[in-house]
Amino acid sequence: MNAHPYIPNSVPEVKREMLEAIGARSVEDFYADVPGRIRLDRPLDLPPPMRSEAELVRHVGGLLGRNTSAQEALSFLGAGCYHHHVPAVVEEVVNRSEFLTAYAGEPYEDHGRFQALWEYQSLMGELLEMDVVSVPVYDGFQAAATALRMAGRITGHRRLLLVTAVAPDKLSKIEDYVRPDHDVVLVPVDPATGLADPAAVRAELAAGDVAAVFAEAPSASGILDPALPSLAEIAHEAGAQYVVGCNPTSLGAVTPPAAYGADIVCGDVQPLGLPMSYGGMNGGFIATRDEELYVGEFPSRLFGLAPTSVEGEYGFGDVAYERTSFALREEGKEWVGTAAALNGIAAGVYLALMGPQGMREVAETILANTRYALDRLASVPGVETPYADAPHFADFTLRFTGSRTAAEVGEALLEHGIFGGRVLSDTDALYCVTEIHTKDDIDRLAATLQEIAK
Amino acid sequence: MKTGPTPSPLAPADAKIGPKPPLRRFHQARWDEPLLFELGSPGERGVLPPLAQAPADVVLPDGLRRAAPPALPELSQPQVLRHYLRLSQENLGADFNVDVGQGTCTMKYSPKVNDRFVRDPKVAGLHPLQDERTVQGVLEIMYRLEGLLREISGMDRFTLQPGAGSAAIYTNVAMIRAYFAARGEAETRDEVITTIFSHPSNAACAKTAGFKVITLYPDADGYPDIEALRQAVGPRTAALLITNPEDTGLFNPRIEEFVRIVHEAGGLCAYDQANANGILGITRARDTGFDLCHFNLHKTFSTPHACGGPAAGACGVSAELAPYLPTPTVEFDGTRYRLDDDRPESIGKIRPFYGVVPNLVRAYAWIMSLGGAGLREAAEVAVLNNNYLMAKVLQIRGASVPYAPGRPRVEQVRYSWERLAEETGVHSEDIGVRAADFGTHYWTSHHPYIVPEPMTLEPTESYSRAELDEYAAILAEVAREAYEDPETVRTAPHRSTVHRARVDVLDDPATWAVTWRAYRRKILGE
């Protein structure tokens, strides 16, 4: 083939000279250890290469052109992936080659990466009011599953009580992940209110052997449960850890779980300046108090601030590296590898731009938009808002009592250029608003539902 | 107003242009950039979010309204931008250096055009729960990517969901566990065998999933010890997790026999293909008999490493294991692409939604730009580059390549500076730090250091001969210094953003500081 633009030494003359320099006859010499029996005796059956970048752009662009983005429609989808405004500066920073293509350099080559990630940890620490925050793990599912295993290692107990609504996908991940060491016990929420049932939680705690009480703030139904603070007390009375998953965007206005007694807090940074990207841009955060007991149970990297040999200089490095699987293989805590660092840097830039007032405003706007949507949509014939008495953040449940199922309502909305919420059942669907929704957007949804949800 | 060129202080006869010095003069940016928390002042704003337009009476329950806004710094937008761009300059990304020094990680060129695709709202602006009719393009890319990986590996099905290579290893282990559970062997098959030159996550993921881990060490030639494998296998064996070539760069010529021994004992074999770059189009996991494999899309298939993620992994399985793949899979009925959640034997979800989609798009574009012949070209040139660099490094005093002398290496080499350390007292880590002064990076190896004073180089296909020569010249220069002026090496870095950190404070619970809050409390005593 011709010299490929991505492969400098694909020039035949260069290859020949390099082989000569080594004293090899051909590149085949280097594959001497690959037995003939397992050699592929034909070319890979793949499409022919795109000769030019222009051709590639046309091909990939053509495929992508078949998508309609949520920005081209009016979208009320949330359910774990949130459409927020991403400030231009966030994109500018994370698309810099120095961040996008850095990897595993030492602090001497990648001081900026270490500082940016330490600052991410620190900014999250302020938002969460916790002194220890890890470099991001893959996503919020992983963060929750690991937080629960950390609680299990700390307490030595087996049972995990999930006491608020947890999204089925997240539950699936948690169940798979904790299986060797833990039993997951779902304590059902009150079907009439969507709220946690403290009496049922107490009963399960009384049965003993509970490692953690796990609550989501907001829950998978978007509810900020008034019982969240009191659940801390009843968990602690029973010797269990209180693990809370939270949407970090809410914390500009909502009390951080640490302030009402959470021992381990986890979640996903996607709402903090990450694009939706078809659900592909996540970063999990795990936060605890600064105690050796907790720090020792993190599987992930923790960057720390350290003096250098020059007074006044800030240096960075790994905190308690010896606890990780990099150092200890199977004797480490779970594992550590490449995860989602750059998404943490993005979240850091976002928090730096927003500051305390921006975070407060965006959270208040979402609280207000959610409440307005619940109030406005409750007045639409054929639409009910079953848990509307509870405070909500972003996500909320709509129940369709007219002639159409929730899926059929979604179908009809699509014809009007509206992406309806995630269908939960024949009657229910989870809708979502954020700060990007205007009053007109919500009114348009109400007006459209007025036509189609009867 | 002044016009025309500024007069040179040099007379024309003194001004010499080029050539460049034989070794690049480099200095990492040093901005003495303060911590973000030391910048700004109360009241400054970086971005203004929309305010609610609709009347709404928001009541939060007792204890759930935050008492005071979070103590984040308050900064204007240009200050935030300058802070982070200065930090970006204090980084050595793969786009800036001859990044062959991070062996086992396949640092290769990530084409810029692919980054353009993923910033497009047609990727970035898609919500994962949109109606399938509105996302046919991205589903088609995922479906096609699976097809490409099937052909590259010989496997029958893939999941593209894992968030990175280690997540893919874990996914494979979870599928192995589900497979034996379905056969009623969950209790009896509780051991996983791996090798010391495989990534630590192979051992750690197996342990996390509840398996006992048995680690094979190399034989005298550096290949995984087949006698040790024979001793290790038995009715308790669930699986072998192995990479090939291993991190030494040696391809295990008896790999089929390894697979046969494990299969005869009733176990499964999972191929960690983190080191696949040198064998693309040469040999395939399924053809060697493996039941499962995984690729790191951010290594072999060129997606940017992003400071340590987001990465992306892909797990391939034989038809027998396919029922256990995570949900959903992407299917095509001849007309429409769809997500299939109806998989009763699946291990379920391993992450939110469907995978790190931007990196799936990048990997697809990279493979399509090369085709089958291009993949093989990438593999062969990577291997040529590796053996070329090895020949150069072996000429450096104090460097050696342990094991199997004279045998070729595939895509990387684990070298040893043992002799240099004995003769000079300079260790591999010191050499790596000093190499940073020349604008490059290298990494020793994972622990434990089975190879003494290790250095692991993996040149990939992305560097020119001149760049490989430059890298070797830097190593030669540092080695010369180690013999002639070891203090210079031991006291490095000299041209970096910072100097050596006092890492002892990071291991002491009394002094470690993971956040600004902790630093203020513990160190500043506030």
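These values consider heavy atoms only, across backbone and side chains, with no hydrogens, waters or symmetry-generated copies. To find a chain, count down the sequence lines: A is the first, B the second, and so on, and within it residues start at 1.
- Annotation for A:Ala341 and B:Cys307: closest pair CB-O, 3.2 Å, computed over non-hydrogen atoms.
- The part of B:Asp115 that comes within reach of chain A is its side chain, from C-beta onward, which places non-hydrogen atoms under 4.5 angstrom from that chain.
- Salt bridge annotation for A:Glu91-B:Arg119: absent, with no cationic side-chain nitrogen under 4.0 angstrom from a carboxylate oxygen.
- Contacts of A:His111 with chain B are made by both backbone and side-chain atoms, with heavy-atom separations under 4.5 Å.
- The aromatic rings of B:Tyr519 and A:Tyr314 sit perpendicular, their planes meeting at an angle over 60°, well past the 30° parallel limit.
- In this structure a side-chain-to-backbone donor-acceptor pair under 3.5 Å is missing from A:Glu361 to B:Leu51.
- The parts of B:Val498 that come within reach of chain A are both its backbone and its side chain, each placing non-hydrogen atoms under 4.5 angstrom from that chain.
- Counting only heavy atoms from C-beta outward, the side chains of B:Phe117 and A:Leu56 approach each other to under 4.5 Å.
- The residue among A:Glu92, A:Arg39, A:Arg360, A:Met359 with the most heavy atom pairs within less than 4.5 Å of chain B is A:Arg39.
- With a 4.5 Å cut-off on non-hydrogen atoms, B:His199 touches chain A through its backbone and its side chain both.
- The closest side-chain heavy-atom distance from A:Leu302 to B:Trp512 is not below 4.5 Å.
- Between A:Glu313 and B:Arg500, none of the side-chain N atoms (NZ, or NE/NH1/NH2) sits under 4.0 Å from a carboxylate O, so this pair counts as no salt bridge.
- A:Glu119 and B:Leu35 make their closest contact through OE2-CA, 3.5 Å (heavy atoms, listed as atom of the first residue, atom of the second, distance).
- Classification of B:Lys207 and A:Glu334 as a salt-bridged pair fails, no side-chain N sitting under 4.0 Å from a carboxylate O.
- In this structure, the portions of B:Tyr388 lying under 4.5 Å from any heavy atom of chain A include both its backbone and its side chain.
- A salt bridge is defined here as a Lys NZ or Arg NE, NH1 or NH2 lying under 4.0 Å from an Asp or Glu carboxylate O, and A:Asp131 with B:Arg521 meets this definition.
- For chain A, the nearby part of B:Ala209 is the backbone; its heavy atoms alone come within less than 4.5 Å.
- Side-chain atoms of A:Ser172 come within 3.5 Å of backbone N or O of B:Lys349 as a donor-acceptor pair.
- A centroid separation of less than 6.0 Å is found between the aromatic rings of A:Tyr278 and B:Tyr354.
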Problem - Chi angles and distances behind the side-chain contact (heavy atoms from CB on, under 4.5 Å) call for B:Asn252, A:Asp33 - result: CA-CA 7 Å; B:Asn252 176 2; A:Asp33 274 347; over 6 Å; no

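- Ionic pairing of A:Lys15 and B:Glu377 is present here: one or more N-O contacts between side-chain nitrogen and carboxylate oxygen are shorter than 4.0 angstrom.
- Distance alone, capped at 3.5 Å, is enough to place a donor-acceptor pair between the A:Asn67 side chain and the B:Gly137 backbone.
- For B:Glu256, the part lying near chain A is the side chain, with the backbone staying farther off; criterion is any non-hydrogen pair under 4.5 Å.
- When each of A:Glu435, A:Met18, A:Arg37 is scored by its heavy-atom pairs under 4.5 Å with chain B, the top score falls to A:Met18.
- Looking only at distances, no side-chain donor or acceptor of B:Thr515 sits under 3.5 Å from a matching main-chain atom of A:Ser122.
- A donor-acceptor pair is defined here as one N or O able to donate and one able to accept, closer than 3.5 Å; no such pair exists between the side chain of B:Ser369 and the backbone of A:Met50.
- Residue contact with chain A, scored on non-hydrogen atoms closer than 4.5 Å, involves the backbone of B:Val59 exclusively.
- Residue B:Glu380 touches chain A through both its backbone and its side chain, counting heavy-atom pairs closer than 4.5 Å.
- Judged by distance alone, the side chain of A:Glu98 and the main-chain N or O of B:Asn91 form no donor-acceptor pair under 3.5 Å.
- In this structure, chain B has no heavy atom under 4.5 Å from any part of A:Ile442.
- Using a 4.5 Å cut-off between heavy atoms, B:Phe37 contacts chain A through its side chain alone, with no backbone atom that close.
- With A:Asp110 contributing its side chain and B:Leu92 its backbone, the two residues share a donor-acceptor pair below 3.5 Å.
- Interface remark: B:Ser110 contributes no atoms to any contact with chain A (heavy atom separation under 4.5 Å).
- Heavy-atom distances place the backbone of A:Phe303, and not its side chain, under 4.5 Å from chain B.
- Between the side chain of A:Thr255 and the backbone N or O of B:Gly63 there is at least one donor-acceptor pair closer than 3.5 Å.
- Looking only at distances, a side-chain donor or acceptor of A:Thr101 sits under 3.5 Å from a matching main-chain atom of B:Asp95.
- Close placement of the A:His59 and B:Tyr364 rings is indicated, their centers lying within 6.0 Å of each other.
- Residues A:Asn9 and B:Asn385 have side chains that bring a donor and an acceptor to within less than 3.5 angstrom of each other.
- Put simply, the side chain of B:His127 gets close to the backbone of A:Cys81: a donor and an acceptor are under 3.5 Å apart.
- Heavy atoms of A:Tyr6 lying under 4.5 Å from chain B belong to its backbone as well as its side chain.
- With a 4.5 angstrom heavy-atom cutoff, B:Glu461 touches chain A via backbone and side-chain atoms both.
- Only the side chain of B:Ile255 comes within contact range of chain A, judged by heavy atoms closer than 4.5 Å.
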Problem - Worked check of salt bridge (charged side-chain N to carboxylate O under 4.0 Å, His left out) between A:Glu364 and B:Arg66 - result: CA-CA 11 Å; A:Glu364 294 287 0; B:Arg66 187 168 190 140; over 6 Å; no

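- The contact between B:Arg409 and chain A is made entirely by backbone atoms, counting heavy-atom distances below 4.5 Å.
- Most heavy-atom pairs under 4.5 Å with chain B, from the set A:Gly65, A:Ser97, A:Ala368: that is A:Ser97.
- In this structure, the portion of B:Tyr109 lying under 4.5 Å from any heavy atom of chain A is its side chain and not its backbone.
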